[in-house]
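Sharing a structure below in structure tokens format, with a few things to ask.
Whatever order the structure lists ligands and atoms in, that order sets their numbers, starting from 1.
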Amino acid sequence: MPTYRGSCHCGAVTFSLVSDIAELTTCDCSLCRQKNALMTKVHESGLTIERGEEQLSVYEWNTHRAKHFFCSRCGIYTFHRKRAAPDHFGVNVFCLEDFDPNNVPVRATEGIGMSVVDREARSQWPGPREAS
Ligand SMILES: [Zn+2]
């Protein structure tokens, strides 16, 4: 599988993504609309923070299940732990180097009426793994 390098705008946060990117998604929930987010979905095993984990802030709202990470310095959304599939991350594809989103189909997902809940979920969903 291909490996992509990603970073926030100021470069404080860098990460790597090991994933085939076959599909991109948008979402019409109130948060994704304001971010104008274009995302790809990756299993948690495919996302590694290389640098700047301590620079990440997390935003939680609504059910507080999803974890929306962003750089505390430049404010750029990098990735979030998904609510419906909390063992997966949604990744901001505009943070990726050498990735052209124009060649990948985009699917609009419906987040505006998304309801809870996976009762089997872990009680605590941490951030992505750090490079060791
Ligand atoms: Zn930054």
Exercise. For Val13, does its backbone N or O pair with a side-chain atom of Arg73 as donor and acceptor, under 3.5 Å?
Worked result: no
Exercise. How are the rings of Phe69 and Phe89 set relative to one another: parallel (under 30°), tilted (30 to 60°) or perpendicular (over 60°)?
Worked result: tilted
Problem set entry | Metal environment of the Zn ion (ligand 1), protein N/O/S under 2.8 Å | Cys8 SG, Cys10 SG, Cys71 SG, Cys74 SG
For this session: Answer yes or no: is there an ion pair linking Arg107 with Glu23, defined by an N-O contact shorter than 4.0 Å?
Result: yes
Exercise. Is the closest side-chain heavy-atom distance between Asn92 and Thr78 below 4.5 Å?
Worked result: no
Exercise. Can you name the side chain to side chain contact (heavy atoms under 4.5 Å, CB included) partners of Arg129, sequence neighbours left out?
Worked result: Thr48
For this session: Classify the ring geometry between His68 and His80 as parallel (under 30°), tilted (30 to 60°) or perpendicular (over 60°).
Result: parallel
